[in-house]
Trainee: 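Have a look at the structure that comes next, please.
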Amino acid sequence: QVQLVESGGGLVQAGGSLRLSCAISGRIFSNYRMGWFRQGAGKAREFVAAISWSSGNTWYADSVKGRFTISGDNAKITVSLQMNILRPEDTGVYYCAADIHGVGKIYAPSAGDMDYWGKGTLVTVST
């Protein structure tokens, strides 16, 4: 079992920044991929960013490239998402997720690849 708890969401003006964190507990292995997904009102859950613990590879959705950065600590107990130059379309609930079979995968994960999910943290970007 893996437990994921997100924090850091809130209200920010367009152009501002937020840093989301995901605390990871339970069974943690170096072959995991950790990801961030988001879901806006009335929209499907979409991929935002991911990182491989084993290779250090990162993946980003085109809409956030150059603005968001995913990172993890060496102890693999926290994964963060630094979000800069936020836009109103970035508004949504952000979820942390774990792919426990992620080793060797070279493609960006989809929601269906993820095995564990946090409950999410709300990010609201105002105009």
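Not measured: the values here are computed from a predicted model.
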Trainee: I'd like to know if the side chain of Thr91 reaches the main chain of Val125, judged simply by a donor and an acceptor atom lying under 3.5 Å from each other, with no hydrogens or angles considered.
Mentor: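 Indeed, once roles are kept as given, a pair shorter than 3.5 Å links the two residues.
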Trainee: In chain order, what residues pass the side-chain hydrogen bond (donor to acceptor under 3.5 Å, both in side chains) check against Tyr95, with sequence neighbours excluded?
Mentor: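 None.
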Trainee: Are Phe37 and Val123 co-members of a hydrophobic cluster defined by side-chain heavy atoms under 4.5 Å apart?
Mentor: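 The answer is no; the residues belong to distinct hydrophobic clusters.
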Trainee: Is it the case that more than 12 heavy atoms not belonging to Arg27 sit under 6.0 Å from its CZ atom?
Mentor: no
Trainee: What distance do Leu86 atom CG and Phe68 atom CZ have between them, rounded to the nearest 0.5 Å?
Mentor: 5.0 Å
Trainee: Taking atom OG1 of Thr121 and atom CZ of Arg38, what is their separation to the nearest 0.5 Å?
Mentor: 14.0 Å
Trainee: Could you tell me the separation between the OG1 atom of Thr58 and the CE atom of Met34, rounded to the nearest 0.5 Å?
Mentor: 14.5 Å
Trainee: Given 3.5 Å as the limit, does a donor-acceptor pair link the side chain of Arg33 with the main chain of Asp99, or not?
Mentor: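 Absent.
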Trainee: Can you tell me how far OH of Tyr94 sits from CG of Leu18, rounded to the nearest 0.5 angstrom?
Mentor: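 One finds 9.0 Å between CG of Leu18 and OH of Tyr94.
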Trainee: Taking all atoms of both residues into account, what is the closest heavy-atom pair of Leu81 and Ala49, and its distance?
Mentor: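 It is CD1-CB, 4.0 Å.
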Trainee: Provide the closest heavy-atom pair for Ser71 versus Arg19 in the form atom of the first, atom of the second, distance.
Mentor: OG-NH2, 3.7 Å
Trainee: Sequence neighbours left out, what pairs pass disulfide bond (SG atoms under 2.5 Å apart) with at least one residue falling in residues 97-127?
Mentor: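 Counting only pairs at least two positions apart or across chains, no disulfide bond (SG atoms under 2.5 Å apart) contact touches residues 97-127.
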Trainee: Taking only distance into account, with no hydrogens and no angle test, what donor-acceptor pairs under 3.5 Å do side-chain atoms of residues 2-14 form with protein atoms, sequence neighbours excluded?
Mentor:
| from | atom 1 | to | atom 2 | distance (Å) |
| --- | --- | --- | --- | --- |
| Gln3 | OE1 | Ser25 | OG | 3.4 |
| Glu6 | OE1 | Lys119 | N | 3.2 |
| Glu6 | OE1 | Gly120 | N | 2.9 |
| Glu6 | OE2 | Cys96 | N | 2.8 |
| Glu6 | OE2 | Gly120 | N | 3.2 |

Trainee: Taking all non-hydrogen atoms of both residues into account, name the closest pair between Pro109 and Met114 and its distance.
Mentor: CB-SD, 3.8 Å
Trainee: Could you please spell out the steps behind the side chain to side chain contact (heavy atoms under 4.5 Å, CB included) verdict for Met83 and Asp90?
Mentor: CA-CA 9 Å; Met83 306 187 296; Asp90 294 319; over 6 Å; no
Trainee: Grouping I, L, V, M, F, W and Y whenever their side-chain heavy atoms are under 4.5 Å apart, do Ile100 and Trp59 come out in a common cluster?
Mentor: no
Trainee: Consider only side-chain heavy atoms of I, L, V, M, F, W and Y, link residues closer than 4.5 Å, and tell whether Val79 and Trp117 are in one cluster.
Mentor: no
Trainee: Look at the side-chain heavy atoms of Ile, Leu, Val, Met, Phe, Trp and Tyr, link any pair under 4.5 Å apart, and say whether Leu20 and Tyr32 land in one connected group.
Mentor: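 Yes; Tyr32 is reachable from Leu20 via cluster members.
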Trainee: What distance do Lys105 atom NZ and Ser52 atom OG have between them, rounded to the nearest 0.5 Å?
Mentor: 10.5 Å
Trainee: Would you compute the distance between atom CD1 of Ile70 and atom OH of Tyr60 and round it to the nearest 0.5 angstrom?
Mentor: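 It comes to 6.5 Å.
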